[in-house]
Amino acid sequence: MTVKSRKEAWKKVDENFPTDYEKDEQSSINAGYPIYRSTVEGVNAWISDLNVTLELNFPDRGTIRINIQSDPEIVEERKWYADNVRMVCCDHHWYDKGTVEQYNETLDFVRDNEPTGLNIFKVADDIILHTVENWNIETVMFYLMKDACFTYFKIKTTAPEKEQGQSASLDLTGINEYLRKDLEERTSQIADSKTDKY
């Protein structure tokens, strides 16, 4: 199952885990991430907190995975360019009764300002003022938006929120310690084996 936040994930844990639970400090150190075990004697069930996933482990009925996946933040950024405005004017024969100075002032305005609705309106209004043929201002704004403006998207993914006192990334300290001890034991066993041979 998939939820939007850690709070919702732990609510699902409470709905699906059969007993109360508490953190097993030693198992958490060995695993490198928080482990919670049932407080009821004889119930061999535990919860693995993998930060972006909570795993409910039941030896008799498998594992329930609760994935935490928040919606990404979508940032839209709109840009326009003077060259594109010039192309739109040429395509529709706009600004055919304005002076070069007036035309350049309009293009400078495009360069210096963001394409907000109000700024697009200002440019469209200036175009109509300096165009022989009659145009509806909303139509001019439509073509400016369609052919001279570009929308870019930035996607920001949001990591699951931290709980108090908990790191948002997995703690590798326990894993490293476990591997170090395992390596020492294996090295010792190999040394003892060579000693026995001689």
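For this chain, numbers begin at 1 and follow the sequence in order.
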Geometric class of the Y36/Y21 ring pair [parallel <30°, tilted 30-60°, perpendicular >60°]: perpendicular
Parallel, tilted or perpendicular: ring planes of Y95 versus Y103, cut at 30 and 60 degrees: tilted
Cationic N near anionic O, under 4.0 Å, D91 to R86: no
Is any side-chain heavy atom of [X] less than 4.5 Å from a side-chain heavy atom of [Y]?
{"X": "L56", "Y": "T63", "value": "no"}
{"X": "C149", "Y": "I120", "value": "yes"}
{"X": "Y152", "Y": "K79", "value": "yes"}
{"X": "P59", "Y": "W46", "value": "yes"}
{"X": "W135", "Y": "H92", "value": "yes"}
{"X": "K23", "Y": "I35", "value": "no"}
{"X": "F58", "Y": "R61", "value": "yes"}
{"X": "T106", "Y": "V123", "value": "yes"}

Residues in salt bridge (Lys or Arg N to Asp or Glu O under 4.0 Å) contact with D126, at least two apart in sequence or another chain: none
Contacts of type salt bridge (Lys or Arg N to Asp or Glu O under 4.0 Å), residue D108, not counting sequence neighbours: R111
Aromatic contact, H130 with W94 (centres under 6.0 Å): no
Please answer: with hydrophobic residues joined when any side-chain heavy atoms are less than 4.5 Å apart, are [X] and [Y] in the same cluster?
{"X": "I137", "Y": "W80", "result": "yes"}
{"X": "F121", "Y": "V88", "result": "yes"}
{"X": "M145", "Y": "M87", "result": "no"}
{"X": "V100", "Y": "I127", "result": "no"}
{"X": "L129", "Y": "L144", "result": "no"}

N/O donor-acceptor pair under 3.5 Å between [X] side chain and [Y] backbone:
{"X": "R65", "Y": "E55", "answer": "no"}
{"X": "R6", "Y": "N51", "answer": "yes"}
{"X": "N67", "Y": "T53", "answer": "no"}

Chi angles and distances behind the side-chain contact (heavy atoms from CB on, under 4.5 Å) call for N84, D147: CA-CA 7 Å; N84 295 94; D147 297 328; over 6 Å; no
Enclosure of N134 CG (heavy-atom neighbours >12, cutoff 6.0 Å): no
Heavy atoms of other groups near E8 CD, more than 12 under 6.0 Å: yes
Could you tell me which non-hydrogen atom of [X] sits nearest to which non-hydrogen atom of [Y], and how far apart they are?
{"X": "M141", "Y": "A124", "result": "CG-CB, 3.6 Å"}
{"X": "S38", "Y": "T19", "result": "OG-OG1, 2.6 Å"}
{"X": "N136", "Y": "I128", "result": "C-CD1, 4.0 Å"}

Look up atom [atom1] in [X] and atom [atom2] in [Y], then write down how far apart they are to the nearest 0.5 Å.
{"X": "L54", "Y": "D49", "atom1": "CG", "atom2": "CG", "answer": "5.0 Å"}
{"X": "E25", "Y": "R37", "atom1": "CD", "atom2": "CZ", "answer": "12.5 Å"}
{"X": "D112", "Y": "L107", "atom1": "CG", "atom2": "CG", "answer": "11.0 Å"}

Output all residues satisfying side chain to side chain contact (heavy atoms under 4.5 Å, CB included) with [X], sequence neighbours left out; order by chain, then residue number.
{"X": "E15", "answer": "K11, K12"}
{"X": "V75", "answer": "E73, K154, K156"}
{"X": "E76", "answer": "T151, F153"}

Residue pair I47, N57: steps toward the side-chain contact (heavy atoms from CB on, under 4.5 Å) verdict: CA-CA 6 Å; I47 304 161; N57 301 281; over 6 Å; no
Residues forming a side-chain hydrogen bond (donor to acceptor under 3.5 Å, both in side chains) with T131, sequence neighbours excluded: none
Worked verdict on S28 versus Y33 for side-chain contact (heavy atoms from CB on, under 4.5 Å): CA-CA 5 Å; S28 298; Y33 49 81; over 6 Å; no
S27 side chain to N30 side chain, donor-acceptor N/O pair below 3.5 angstrom: no
